*Asks:* 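Here it is, the structure in full.
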There are 2 protein chains.
Amino acid sequence: MRARGARPVNEARTRTRIQRRNTGAILEAALEVFSAHGFRGATLDQIAEVAGLSKPNLLYYFPSKEAIHLELLTGLLDLWLDPLRALDPAGEPVAEILAYVRRKLELSRDFPRESRLFANEVLQGAPRLSGVIAGDLRALVDEKAGVISAWAAAGRIRPVHPRHLIFSIWALTQHYADFDVQVRLVLGPAEPDPFPEAGRHLTALFTRLLAP
Amino acid sequence: MRARGARPVNEARTRTRIQRRNTGAILEAALEVFSAHGFRGATLDQIAEVAGLSKPNLLYYFPSKEAIHLELLTGLLDLWLDPLRALDPAGEPVAEILAYVRRKLELSRDFPRESRLFANEVLQGAPRLSGVIAGDLRALVDEKAGVISAWAAAGRIRPVHPRHLIFSIWALTQHYADFDVQVRLVLGPAEPDPFPEAGRHLTALFTRLLAP
DNA sequence: GCGATGTTTGACCGGATGGTCAGGATCACG
DNA sequence: CGTGATCCTGACCATCCGGTCAAACATCGC
């Protein structure tokens with residue numbers, strides 16, 4: 001008999017094959033639905049349908065809608081911040097930053113749903129992420145801003161406000177995921193895939209900004 | 001007696017003082033609530049409370065929640081596109097584009113709720129704006145892209161992909177409105193107003209990108 | 001002051017939605 | 001094959017939410 005309110009859990013034992021498959025399907029479906037409609041706009045019925053499960057079955061694996069959302073957000077944070085973590089203080093400055101831009105643009109191309117999930121969250125005031133943003137993210141940005149400042153002080157890149165440079169990279173790359181619909185509608189059917197041109201454009205932009 | 005389902009309307013006569021005051025209060029309140037929670041996340045009760053009216057009273061002035069939202073979106077479109085319209089083909093190229101960037105950044109500073117309203121809409125796939133985007137907006141961008149291309153062909157700015165240049169301006173300036181929370185949390189309390197520094201950063205960025 | 005027009009509201013409705021529960025089906029393992 | 005743990009579901013509940021309506025209330029021109 002399960003304790004009141006407890007989840008499968010299995011008392012710290014390894015998770016069942018079925019458990020892994022279903023929680024995976026749920027998170028995949030939830031990503032699809034949350035990123036397209038926002039937290040409030042998504043319904044458990046939609047998620048259940050996409051996942052191919054019944055609604056009560058969702059709630060067998062997760063205690064609430066809120067919990068699914070939070071699990072998604074925190075679970076995807078690493079994927080989202082890894083490119084910045086990979087910025088190497090020992091590398092060649094301009095190449096390092098261009099590589100960061102490229103990796104971030106690849107995330108927008110390959111994981112647009114994840115980008116929109118975060119965008120939705122931050123747009124609504126980041127109620128569930130403000131802790132991480134003011135903590136881990138801020139610390140990471142501080143660290144890398146120091147690296148960029150050092151490069152600028154050494155004359156290896158042009159002087160630039162390091163934090164706003166990072167904001168610029170976020171803004172420019174995430175725009176192609178979050179505003180994908182707008183980008184495609186404005187470009188029209190003649191340019192069905194904006195990403196190659198976007199890559200060239202951003203490379204040129206940051207090269208001219210940073211090359212000493 | 002009013003016809004079934006008809007709104008105040010007043011048969012094409014001038015609107016009452018009360019009508020103007022209340023529709024104004026409703027749209028102001030709706031902007032506040034829609035921009036903070038998205039369409040689905042906002043409720044008529046919240047809007048009514050912020051507007052200082054009762055829910056049925058809202059629905060006396062607007063036929064539905066949808067109608068309030070649509071009225072907001074279309075009513076604010078001009079404000080949003082005017083800066084790009086003002087780009088003058090006869091002006092000095094770099095100065096014109098920098099002025100556009102400045103005006104757009106001022107919109108982010110002075111009308112962040114409007115920016116978030118549009119961001120929410122486009123994020124969800126622009127269900128209510130795809131027509132305008134593929135029509136008016138695309139036409140406007142085409143026109144101005146032509147201007148920028150001509151400037152580049154004449155050697156008055158560096159060669160640049162004109163449409164992606166416009167996307168870059170949108171992305172960079174709107175980021176400071178849409179992701180305001182994140183920007184402030186990352187910068188910390190030491191830099192309580194990001195806009196002055198953002199202005200300098202973006203001016204430098206586009207100057208270096210465009211100056212021949 | 002009076003009728004007509006315009007404004008406001010309490011009470012209510014129907015459907016959607018997050019979540020619960022008791023019990024049945026299925027699986028893992030000895 | 002039996003038994004305990006895990007997995008799944010139909011039925012149900014409480015609440016929220018967009019929207020309606022009849023009737024009360026205010027305003028205004030005369």
Side-chain angles (χ1 to χ4, degrees), chain A residues 1-27 29-30 33-34 36-72 127-128, chain B residues 1-27 29-30 33-34 36-72 127-128:
Chain A
M1 190 216 314
R2 251 181 32 239
R4 258 193 72 72
R7 290 298 112 198
V9 186
N10 205 344
E11 295 300 335
R13 226 173 299 176
T14 55
R15 304 202 308 179
T16 306
R17 207 171 4 114
I18 300 180
Q19 251 173 70
R20 247 192 308 273
R21 174 168 52 82
N22 283 351
T23 54
I26 291 170
L27 289 174
V33 177
F34 279 137
H37 305 295
F39 179 76
R40 193 64 163 30
T43 73
L44 287 180
D45 287 292
Q46 284 176 80
I47 299 174
E49 167 145 9
V50 174
L53 300 172
S54 68
K55 183 171 63 167
N57 208 1
L58 287 203
L59 294 162
Y60 172 74
Y61 289 100
F62 291 89
S64 67
K65 181 185 180 184
E66 181 78 34
I68 302 178
H69 191 240
L70 196 61
E71 173 74 18
L72 261 188
R128 296 163 252 267
Chain B
M1 194 218 311
R2 252 179 34 238
R4 258 193 72 72
R7 290 298 111 197
V9 187
N10 206 343
E11 296 301 335
R13 226 173 299 177
T14 56
R15 306 202 308 179
T16 307
R17 208 171 1 115
I18 301 181
Q19 251 172 69
R20 245 192 310 272
R21 173 169 52 81
N22 282 352
T23 54
I26 291 169
L27 289 175
V33 177
F34 279 137
H37 305 294
F39 179 76
R40 195 62 161 36
T43 73
L44 287 180
D45 287 292
Q46 284 177 80
I47 299 174
E49 166 144 9
V50 174
L53 299 171
S54 68
K55 181 172 63 167
N57 208 0
L58 288 202
L59 295 163
Y60 171 73
Y61 289 100
F62 291 89
S64 68
K65 181 185 181 185
E66 181 77 35
I68 302 177
H69 191 242
L70 197 61
E71 172 75 18
L72 263 187
R128 294 164 255 265

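Letters A, B, ... mirror the listed sequences (proteins, then strands); counts begin at 1. Just so it is clear, the model here is predicted, and its values are computed rather than measured.
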*Asks:* Rounding to a whole Å, what distance do you find between F62(A):CZ and dC7(D):P?
*Replies:*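 To the nearest whole Å, that distance equals 13 Å.
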*Asks:* Give a yes/no on whether any side-chain N or O of N22(B) is located under 4.0 angstrom from OP1 or OP2 of dT8(C).
*Replies:*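 Checking N22(B) against dT8(C): at least one side-chain N or O falls below 4.0 Å of OP1 or OP2.
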*Asks:* Does a nitrogen or oxygen in the side chain of N57(B) sit under 4.0 Å from OP1 or OP2 of dG10(C)?
*Replies:* no
*Asks:* Mark up nucleotides 22-30 of chain D, 5' to 3', with B wherever a protein heavy atom is under 4.0 angstrom from a base atom, S wherever such an atom reaches only the sugar-phosphate, and - elsewhere.
*Replies:* ------S--
*Asks:* On DNA chain D, nearest-nucleotide positions of P56(B) versus R21(A): which is more 5'?
*Replies:* R21(A)
*Asks:* Within the pair Y61(B) and dG6(C), is there a side-chain N or O less than 4.0 Å away from OP1 or OP2?
*Replies:*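 It does not, given that no N or O in the side chain of Y61(B) lies less than 4.0 Å from OP1 or OP2 of dG6(C).
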*Asks:* Nearest 0.5 Å, what's the CG-CG distance between L53(B) and L44(B)?
*Replies:* 12.0 Å
*Asks:* Tell me the interatomic distance from I26(B), atom CD1, to dG19(D), atom P, rounded to whole angstroms.
*Replies:* 13 Å
*Asks:* Taking only N and O in the side chain of Q19(A), is any of them less than 4.0 Å away from OP1 or OP2 of dC7(D)?
*Replies:*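 For Q19(A), the contact criterion (side-chain N or O under 4.0 Å from OP1 or OP2 of dC7(D)) is met.
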*Asks:* Rounded to the Å, how far apart are Y60(A) OH and dA22(C) C1'?
*Replies:*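 Between C1' of dA22(C) and OH of Y60(A): 15 Å.
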*Asks:* Between the protein and nucleotides 16-18 of chain C, which nitrogen or oxygen pairs are less than 3.5 angstrom apart?
*Replies:*
residue : atom : partner : partner atom : Å
dT17(C) : OP1  : R40(B)  : NH2          : 2.5
dG18(C) : OP1  : A42(A)  : O            : 3.3
dG18(C) : OP1  : K65(A)  : NZ           : 2.9
dG18(C) : OP2  : L44(A)  : N            : 2.8
dG18(C) : N7   : K55(A)  : NZ           : 3.0

*Asks:* Take atom CD of E49(B) and atom P of dT8(C), then tell me their distance rounded to the nearest Å.
*Replies:*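 That distance rounds to 17 Å.
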*Asks:* Tell me whether the side-chain N/O atoms of S54(A) come closer than 4.0 Å to OP1 or OP2 in dT9(D).
*Replies:*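 Yes, because at least one side-chain N or O of S54(A) sits under 4.0 Å from OP1 or OP2 of dT9(D).
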*Asks:* Do T43(A) and R40(B) have side-chain heavy atoms sitting under 4.5 Å apart?
*Replies:* yes
*Asks:* For I47(B) versus I26(B), what's the shortest heavy-atom pair and its separation?
*Replies:* CG2-O, 4.1 Å
*Asks:* Do you know which two heavy atoms are closest between A25(B) and A51(B), and how far apart they sit?
*Replies:* O-CB, 3.8 Å
*Asks:* How many angstroms lie between CG in N22(A) and CZ in R20(A), if you round to the nearest 0.5 Å?
*Replies:* 11.5 Å
*Asks:* Show the nearest heavy-atom pair for residues Q46(A) and G41(A), with the distance to one decimal.
*Replies:*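 Where Q46(A) meets G41(A) most closely, the heavy atoms are NE2-O, 3.6 Å.
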*Asks:* I'd like to check Y61(B) versus I18(B) (side-chain heavy atoms, cut-off strictly below 4.5 Å). Are they in contact?
*Replies:*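 Yes, at least one pair of side-chain atoms sits under 4.5 Å.
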*Asks:* Below 3.5 Å, can you tabulate the donor-acceptor pairs from side chains in residues 62-72 of chain B to any protein atom, sequence neighbours excluded?
*Replies:*
residue : atom : partner : partner atom : Å
S64(B)  : OG   : A67(B)  : N            : 3.1
K65(B)  : NZ   : F39(B)  : O            : 3.0
K65(B)  : NZ   : A42(B)  : O            : 2.7
E66(B)  : OE1  : R128(B) : NH1          : 3.0
E66(B)  : OE2  : R128(B) : NH1          : 2.8
H69(B)  : ND1  : R128(B) : NE           : 3.3

